[in-house]
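As the structure is a prediction and not an experimental result, all values here were calculated from the model. Letters go in sequence order (proteins before strands), and every chain restarts at 1.
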Amino acid sequence: MERLGSQDLPTPAGAAELSAAPEGSRVTVHGAVQRIRRLSWGAFVVLRRHDGLVQCVLQADTDGGAMQRLQEESCVEMAGTIHRASMKDPSIMPRDTEIHVESVRILSEPASPPPVDLTKKILDLHIDTNLDLRPVSLRHPVERARLRIASALEADFRRYLSSRGFTSIRSPKICFAGAEGGANIFRVQYFDRTAFLAQSPQFYKQMAVAFYERVFETGPVFRAEPHQTSRHVNEYTSLDFEMGYISSFRDVMLMEAGLLRSMIETAGRECAYELELLGATLPSVPDSFPCVTLAEAHEIAGAASGRDYSGEPDLGPEEEKLVCEHSSREWGSEFVFVTHYPTSKRPFYTMDDPLTPGFTLSFDLLFRGLEITTGGQRIHDYDMQVAKMQSFGLDPAAFESYLAAHRTGLPPHGGLAIGLERLTARLLDVDNIRLTTMFPRDAKRLTP
RNA sequence: GGUCCGGUAGUUCAAUUUGGUUAGAGCACCGCCCUGUCACGGCGGAAGUUGCGGGUUCGAGUCCCGUCCGGACCGCCA
């Protein structure tokens, strides 16, 4: 019999620990060979590690000439001593420390050189080549840094809401029917029936409000729309929350303003290295966000462009940019809420505004020219929900399990969804959200 | 679904406008050199069915037709 416990599994030293280690102390590190600079006397070998790149120095005769056997993407373990040094290369972290190597153990070797040049400061690839070679291209420090930002944002989304009375839920992704109007839905074979991939956790969030009051979920959602743009993919990460006992849909917006402020400040703190590498500046998030109605947004965009958008039921991409520019310039906020979309443009569960007939208590959040959130107050009253379904031409009987929540009683509630890849892309000024997605799925791409 | 644009070495690009010798260059790769590099540097080498098929022509990467693949934008949405 053998017993296994986590005390037997050491955690690799981080960049900060290497930096803090005293000069001359012994250390063993492992990693992949990111690049080798051979000189006559030896070589600089940069190892890619979990949280940075460390420079290792080998003499020509170190460990029997081990440097001659090294190649890019070999996985190695190196033992040596800590020395202080000054690195000019921002991708190297720690930047004040290098390891003078005494012994090298090669753990694995690649079968062939990488198909793209991972040693350069930037990975200069067509997006299509980049995506085709994702298992390789994401090894580049700049490429992998983007997803680290996304990881930090998601982690703080969960942390922030958990600390404010929200419960984490996991709703099914294989569903009996679709939730959202508009968006097409993927069909999947489910034994002898047809099922659907979830477009949103919407129904389940609302049901869960009845038992947890406040819930959130981060996970994939699926949209079967054949769009072909830099801001759409067919599977993306939705950061969802739903909160009960709201006094107004503005409570949801207030929660989001604090949430985003925390997420962005936390990412800025935890990912300073990645942000420097990416040359990105995170926005200062104001205490409060400007908020305009759709009609006001049309006026702002119209004044800027000279066109007349009034009466349009939604904001077009051009308008989103114009409104964001206006908000940034006039109101000092790169975030701007747009409210009161028409009933016809919002899903059937959206609460209508009793004061503005034909319009809803719903909002989008625009950031740097892109819609990153949709949210609003939901209908909690059973009769009102059934009536609205009927006015949308939907059969309430088809939504029996959903309506059971309303029939049994729901508090006033509302919520929202943030597109994680979109938020990350705009924060980093990345043009295409495929680059903030590890393995994107779009109409043309099902691999890797 | 609509409108534009593109496809040349592993990769990023040039040569296409005006058809003309053996399709060039950077990086990666291979060899040699370089005592601290950091997008290291120097010298040399190898690397191509110009997406695919057909046509025009003495001659096609270049012009024409078809086809395949991809990109951008719009609609729609996060």
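A salt bridge links A/Asp89 to A/Arg35: one of the charged nitrogens lies within less than 4.0 Å of a carboxylate oxygen. In summary, A/Glu242 and A/Lys205 engage in a salt bridge, as defined by a charged side-chain N under 4.0 Å from a carboxylate O. A salt bridge does not link A/Glu312 with A/Arg307: every distance from a Lys NZ or Arg NE/NH1/NH2 to an Asp or Glu carboxylate oxygen is 4.0 Å or more. Using a 4.0 Å cut-off between charged nitrogen and carboxylate oxygen, A/Lys173 and A/Glu217 count as a salt-bridge pair. Note on A/Glu270 versus A/Arg148: no salt bridge recorded, every NZ/NE/NH1/NH2 to OD/OE distance being 4.0 Å or above. Using a 4.0 Å cut-off between a side-chain N of Lys or Arg and a carboxylate O of Asp or Glu, A/Asp63 and A/Arg105 do not qualify as a salt bridge. Taking a cutoff of 4.0 Å between a charged side-chain nitrogen and a carboxylate oxygen, A/Asp364 and A/Arg346 qualify as a salt bridge. For the pair A/Arg144 and A/Glu274, the salt-bridge criterion is not met [side-chain N within less than 4.0 Å of a carboxylate O].
For the pair A/Thr374 and B/A78, the criterion of a side-chain N or O lying under 4.0 Å from OP1 or OP2 is met. Phosphate contact (OP1/OP2 of B/A39, side-chain N/O of A/Lys88, threshold under 4.0 Å): absent. The side chain of A/Arg231 places an N or O atom within less than 4.0 Å of a non-bridging phosphate oxygen (OP1 or OP2) of B/C74. Contact annotation: A/Lys120 side-chain N/O to B/U12 OP1/OP2 distance is not under 4.0 Å. Contact annotation: A/Ser40 side-chain N/O to B/U35 OP1/OP2 distance is under 4.0 Å. For A/Asn130 and B/U11, the shortest distance from a side-chain N or O to OP1 or OP2 is not below 4.0 Å. Distances shown here put every side-chain N or O of A/Thr229 at or beyond 4.0 Å from the OP1 or OP2 atom of B/C77. Between A/Ser230 and B/C73, a side-chain N or O to OP1/OP2 separation shorter than 4.0 Å is present.
In this pair, A/Phe44 lays its aromatic ring flat on the base of B/U37, centres within 5.5 Å and planes under 30 degrees apart. The ring of A/Tyr236 lies on top of the base of B/A78, close enough and flat enough: under 5.5 Å between centres, under 30° between planes.
When the C1' atom is used for both B/C64 and B/A60, the distance is 11 Å, rounded to whole Å. Nucleotides B/A39 and B/U21 have their C1' atoms positioned 37 Å apart, rounded to a whole Å. The P atoms of B/C43 and B/G53 are separated by 40 Å, rounded to the nearest whole Å. Here, B/U18 and B/C34 have their C1' atoms 47 Å apart, quoted to the whole Å. B/G24 and B/G41 have their P atoms separated by 24 Å, with the value rounded to a whole Å. B/U49 and B/G61 have their P atoms separated by 13 Å, given to the nearest Å. Taking atom C1' on both nucleotides, B/U22 is separated from B/C68 by 31 Å, rounded to a whole Å. On the C1' atoms, B/G26 is 27 Å away from B/C69, given to the nearest whole Å.
Atom CE of A/Met438 is surrounded by 12 or fewer heavy atoms from other residues, nucleotides or ligands within 6.0 Å.
The residue A/Val221 sits apart from the nucleic acid: no heavy atom pair falls under 4.0 Å. If you check every strand for non-hydrogen atoms under 4.0 Å, A/Gln71 touches nothing. A/Ser112 comes within 4.0 angstrom of no nucleic acid atom, judged by non-hydrogen atoms across all strands. Using a 4.0 Å heavy-atom distance criterion, A/Glu72 is classed as a sugar-phosphate-only contact. Using a 4.0 Å heavy-atom cutoff across all strands shown, A/Ile418 reaches no nucleic acid atom at all. Across all strands, A/Ser86 comes closer than 4.0 Å to base atoms (heavy-atom distances). Contact annotation for A/His100: base contact, defined as any heavy-atom pair under 4.0 Å involving a base atom.
For the pair A/Asp364 CG and B/C76 C1', the interatomic distance rounds to 13 Å; values are reported in whole Å. Per the geometry, CD1 belonging to A/Ile127 stands 19 Å off P belonging to B/C69, to the nearest Å. The separation between A/Leu315 atom CG and B/C74 atom P is 13 Å, rounded to whole Å. In this entry the distance linking CZ of A/Arg95 with P of B/G36 reads 23 Å, nearest Å. Regarding A/His126, its NE2 atom lies at a distance of 19 Å from the P atom of B/C69, rounded to whole Å. Residue A/Asp240 contributes atom CG, which lies 10 Å from atom P of B/A78 at whole-angstrom precision. Per the geometry, CZ belonging to A/Arg223 stands 17 Å off P belonging to B/G75, to the nearest Å. One interatomic measurement links the two molecules: CG of A/Leu427 to C1' of B/A78, which rounds to 14 Å at whole-angstrom precision.
With both pairing distances under 3.5 Å, B/C76 is matched to nothing as a Watson-Crick or G-U wobble pair. Pair assignment for B/A60 gives none, since no Watson-Crick or G-U wobble pairing has each distance under 3.5 Å. Pairing partner, B/C32: B/G42, with both Watson-Crick or wobble hydrogen-bond distances short of 3.5 Å. Nucleotide B/U18 is matched to nothing when pairs are restricted to Watson-Crick or G-U wobble geometry with both distances under 3.5 angstrom. Nucleotide B/C13 forms a pair with B/G24, judged by Watson-Crick or G-U wobble geometry with both contacts under 3.5 Å. Taking a pair to require two hydrogen-bonding distances under 3.5 Å in either a Watson-Crick or a G-U wobble arrangement, B/G70 pairs with B/C5.
Of the candidate nucleotides B/C29, B/C77, B/A78, B/C29 has the atom nearest to the side chain of A/Pro113. When distances are taken from the side chain of A/Lys345 to each of B/A78, B/G36, B/C76, the shortest belongs to B/C76. Closest to the A/Pro115 side chain, of the nucleotides B/G10, B/C77, B/A39, is B/G10. Here the side chain of A/Lys444 is nearest to one of B/G70, B/G36, B/U12, namely B/G70. Out of B/U11, B/C38, B/C77, the shortest distance to the side chain of A/Leu125 is found at B/U11. When the nucleotides B/C38, B/U12, B/G71 are ranked by their closest atom to the side chain of A/Asp124, B/U12 comes out on top. You'll find that the side chain of A/Ile92 is closest to B/C38, out of B/A72, B/U11, B/C38. Distance from the side chain of A/His232 is smallest to B/C76 among B/C76, B/G36, B/C38.
A/Glu225 contributes no side-chain N or O that forms a donor-acceptor pair with the base of B/G1 under 3.5 Å. With hydrogens and angles ignored, a donor-acceptor pair closer than 3.5 Å exists between the side chain of A/Arg422 and the base of B/C77.
With RNA chain B read from its 5' end, the first of the two nearest nucleotides for A/Trp41 and A/Thr373 is the one closest to A/Trp41. Each of A/Leu133 and A/Glu421 has a nearest nucleotide on RNA chain B; the 5'-most of these lies closest to A/Leu133.
Ring centroid separation for the pair A/Phe348 and A/Phe399 comes in under the 6.0 Å cut-off.
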